[in-house]
Amino acid sequence: MINNIPQPIKAFLAGVNLNDPNFDYYMTELTNLATAANLDVVGQARQNATQVVTSTYLGIGKINEIKNIAHGLKAQVLILNDELSPMQIRNLEKLTKLRVIDRTELILEIFASRARTKQAQLQVKLAKLQYELPRLHPSENNLDQQRGGSLANRGAGESKLELNRRTIGKQIAAIKHELEHVTKQEAIKAKRRNQNQIPKVALVGYTNAGKSTTMNGLLTKFSQENGAKQVFVKNMLFATLDTSVRRIKLNNNFSFILSDTVGFISKLPHNLIESFKATLQEVKDADLLINVVDATDPNMLQTIHTTQAVLAEIGIKDTPMITAYNKADKTERDYPQIEGDNLLYAATSQASITVLAQLITQHLFAASQKVELLIPLTAGKILSQLHEQTQIIDEEYQSDGVHLYARLTPDKSLQFKKYII
Ligand SMILES: Nc1nc2c(ncn2[C@@H]2O[C@H](COP(=O)(O)OP(=O)(O)O)[C@@H](O)[C@H]2O)c(=O)[nH]1
Ligand SMILES: [Mg+2]
């Protein structure tokens, strides 16, 4: 039988450790990223230094060592743990005779291969072009040509030869324009969601922590609405690149809007975060964040830190947050378990989802108050709004109108103020 499954490209990893206590963690992430890009990681090298070499990133001795080992292992690609300057990449390619990819390009490639919706595709394309623009070098067309295309078929894909700076500049402008159009449509939908004053909850966290699984758990349990379709779950980095928004209707007439979005990883390229601002708008608008953390990840603390860093970069500081430690079923510990604003749970367990919903309810609706309202018999619309938007405890039809006993959150109290007696 002919085996025509293409062999994965072999990659060798290297990084300079500037005495960073998180260095091992970054190298582990780099391995995971390479695997996520379908590369076969055959080895790695690290260099301790006080600073990187300006022209070549690594020292010349290390470069020769890597060249020998990597060629011995039949590696074709060298992946570096940081974002490199165009000159460093060119010099390393010359010296090692390997294709050199930095951490940023690797992340961009993964995002490019995962983007499904128009908006995500445009956002990734924009970030890629912005990365490529300063890396174009007219005098090095041969090398540039080799560097075109995707990771798997470099050389065969689009060549940078024809793409001079000006065309890339034009492309960037065109994509920004198109993106504005797509974003505007999304913004109209978001505005509608904001208008009806339903609180908004956003799932955030490290990639692969279980955000989408948590969303599906809540949907299965609480939403029978049409269109409440499940979101995509997969054991891979950046399975989700878009934002999905669903309404979760709790049993007692309290609703909230839940969003699931792209996961985070450390050293996310700045351009990428910038390009994904529209996607992350839902996170910015949220009244409550649920930071989903994989409790079984040996680098759990760093993943929490990474999430905080990315949130800070998109300008989120004071939004209340529940930290939800997921995958408790793979630990020895009892779950679900609430401790302050923290939860230990398993997104795959019904009992856990119930407790998570309770915790969300507490956060969002704790300040609600029991009030009595009097609705004139002629104000049928107000009555139906109250039924839709608040928790009705009791209802009596009397000669002066409908007496309602309801539990109202502060914003609802304001909205229906003139009917409260
Ligand atoms: N054992 C276990 N696996 C889980 C749990 N939640 C999620 N997973 C798995 O973790 C992987 C990533 O889940 P996903 O929801 O796509 O993560 P996301 O990237 O944060 O959206 C998938 O293989 C899930 O099946 C859980 O509670 N327990
Ligand atoms: Mg996901």
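One is the number of the first residue; the rest follow in order along the sequence. Reckoned from all heavy atoms, side chains included, excluding hydrogens, waters and symmetry mates.
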Given L203, L289, V262, T243, the one that forms side chain to side chain contact (heavy atoms under 4.5 Å, CB included) with V283: L289
Other residues, nucleotides, ligands: >12 heavy atoms within 6.0 Å of K417 NZ: no
Partners meeting salt bridge (Lys or Arg N to Asp or Glu O under 4.0 Å) with E178 (sequence neighbours left out): K118
pair I421-H403: side-chain heavy atoms closer than 4.5 Å: yes
T279 side chain to E186 side chain, donor-acceptor N/O pair below 3.5 angstrom: no
Between D102 and Y131, a side-chain donor and acceptor under 3.5 Å: yes
Distance-only polar pair, side chains of Q415 and K412, donor-acceptor under 3.5 Å: yes
Y335: partners by ring pair (Phe, Tyr, Trp, His ring centres under 6.0 Å), with sequence neighbours left out: none
Ring pair (Phe, Tyr, Trp, His ring centres under 6.0 Å) contacts in which one or both residues fall within residues 266-310, not counting sequence neighbours: F111-F276
Partners meeting salt bridge (Lys or Arg N to Asp or Glu O under 4.0 Å) with D82 (sequence neighbours left out): K267
Contacts of type salt bridge (Lys or Arg N to Asp or Glu O under 4.0 Å), residue D294, not counting sequence neighbours: K327
Residue pairs involving residues 19-38 (criterion salt bridge (charged side-chain N to carboxylate O under 4.0 Å, His left out); sequence neighbours excluded): D24-R46, E29-R103
Under 3.5 Å: donor-acceptor pair, side chain of N326, backbone of A347: yes
Test item: side-chain donor near acceptor, N208 and N235, under 3.5 Å: yes
